[in-house]
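Step one of this worksheet: look at the structure below.
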Amino acid sequence: RQRNAKVEDLWSLTNFFGFATETFVLAVNILDRFLALMKVKPKHLSCIGVCCFQLAARVVEEECNIPSAHEIIRISQCKCTVSDLKRMEKIISEKLHFEFKATTALTFLHLYHTILLCHTSERKEVLSLDKLEAQLKACNCRLVFSKAKPSVLALCLLTLEVQTLKSVELFEILLRVQKHSKISDSDLLYWRELVSKCLADYSSPECCKPDHKKLVWIVSRRTAQNLQNSYYSVPELPTIPE
């Protein structure tokens, strides 16, 4: 449960900094790989999550777009210092043998999506990659999917979407992809049911989606008063002549 909550925080951080879906998926991958190797105390999970996010950003994002460790800590409201983050980064790096890059479900999702578009006569906008990526993010927020093969998880998402579209042509292409990927019917059926339930839960109004999660800033009364006063003291901009 705490792991899932931390992944949702990583989703919020990804949205805040405008990073790619790949950064979020890789951060979750690094986090899950580390947790599979080490038993960690709940109080350290926040620092570990932020560290995994920073490591993933270094792999995926442009260096000039990566915020400083101090800024990430401030925005995430992680109760750790820059020194703590550096020590944790050293531990994670050594445990993972500095292998941060990984083939994830997003890798297969992009591959299978490209194959479908190359072999179908359907309109390209029918199968939305953005929607599929959002669904993958929702699955990443559940610990159970860390045990699924990336290729199987990606194929499950595509199969469910194609069923929604009721496209016989796309479904036949996916059958060939499944056969070529050597994914058994039993594996596909098992994980597809879990994915379907996850997406149904996620689409329900009771679900609190990370996309809509807002960061809560706690400021003192004096700071709030200064902010209010400075707002009203801002002079109007002069008219720009045309």
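All of these numbers come straight from a predicted model, not from anything done at the bench.
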Taking the side chain as every heavy atom from C-beta outward, state whether [X] and [Y] have any pair of such atoms under 4.5 Å apart.
X: D84; Y: T81; result: yes
X: F108; Y: T103; result: yes
X: H180; Y: V177; result: no
X: L157; Y: C139; result: yes
X: H110; Y: L106; result: yes
X: F53; Y: D9; result: no
X: L96; Y: L37; result: yes
X: I75; Y: F17; result: yes

Specify the closest pair of heavy atoms between [X] and [Y], including all atoms of both residues, with the distance to one decimal.
X: A138; Y: C198; result: O-SG, 3.9 Å
X: E133; Y: L109; result: N-CD2, 4.1 Å
X: V195; Y: F145; result: CG2-CE2, 3.5 Å
X: V40; Y: F34; result: CG1-CE2, 3.9 Å
X: C47; Y: C80; result: SG-SG, 3.9 Å
X: I30; Y: A56; result: CD1-N, 4.1 Å

Spacing of [X] atom [atom1] and [Y] atom [atom2] [to the nearest 0.5 Å]:
X: S68; Y: L85; atom1: OG; atom2: CG; answer: 10.5 Å
X: T120; Y: L170; atom1: OG1; atom2: CG; answer: 4.0 Å
X: H113; Y: S128; atom1: NE2; atom2: OG; answer: 7.0 Å
X: L132; Y: T21; atom1: CG; atom2: OG1; answer: 11.0 Å
X: L111; Y: S181; atom1: CG; atom2: OG; answer: 7.5 Å
X: Q54; Y: I72; atom1: CD; atom2: CD1; answer: 4.5 Å

Under a single-linkage definition using a 4.5 Å side-chain heavy-atom cutoff for Ile, Leu, Val, Met, Phe, Trp and Tyr, are [X] and [Y] assigned to the same hydrophobic cluster?
X: L143; Y: L31; result: no
X: L189; Y: V162; result: no
X: W11; Y: I66; result: no
X: L175; Y: I115; result: yes

Pairwise salt bridge (Lys or Arg N to Asp or Glu O under 4.0 Å) hits with a residue in residues 149-174, at least two apart: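 Checked against salt bridge (Lys or Arg N to Asp or Glu O under 4.0 Å) - neighbours excluded - the pairs reaching residues 149-174 are K131-E161.
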In terms of side-chain geometry, is the basic nitrogen of E193 or K197 positioned less than 4.0 Å from the acidic oxygen of its partner?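 Judged by the 4.0 Å cut-off on N to carboxylate O distance, E193 and K197 do not form a salt bridge.
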State whether the number of non-hydrogen atoms from other residues, nucleotides or ligands found under 6.0 Å of E22 atom CD is greater than 12.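 12 or below, so no.
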Neighbour count above 12 (heavy atom, 6.0 Å) for E63 CD: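 Check fails, neighbour count at 12 or below.
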Parallel, tilted or perpendicular: rings of F100 and F98 (30°, 60°):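 Because their plane-to-plane angle is over 60°, the rings of F98 and F100 count as perpendicular.
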Main-chain N/O of [Y] paired with [X] side-chain donor or acceptor, under 3.5 Å:
X: E8; Y: C141; result: no
X: T14; Y: L10; result: yes
X: S76; Y: I73; result: yes
X: R3; Y: L45; result: no
X: N29; Y: L26; result: no
X: E89; Y: C51; result: no
X: H44; Y: M88; result: no

Between D185 and Q178, does the side-chain contact (heavy atoms from CB on, under 4.5 Å) criterion hold? Intermediate values first, please. CA-CA 9 Å; D185 291 337; Q178 178 188 348; 2.7 Å; yes
Just do the side-chain contact (heavy atoms from CB on, under 4.5 Å) check on W191 and L194 with the steps written out, would you? CA-CA 5 Å; W191 288 106; L194 290 177; 3.7 Å; yes
Quick one: do L158 and L127 satisfy side-chain contact (heavy atoms from CB on, under 4.5 Å)? Show the steps, please. CA-CA 9 Å; L158 278 163; L127 200 59; 4.0 Å; yes
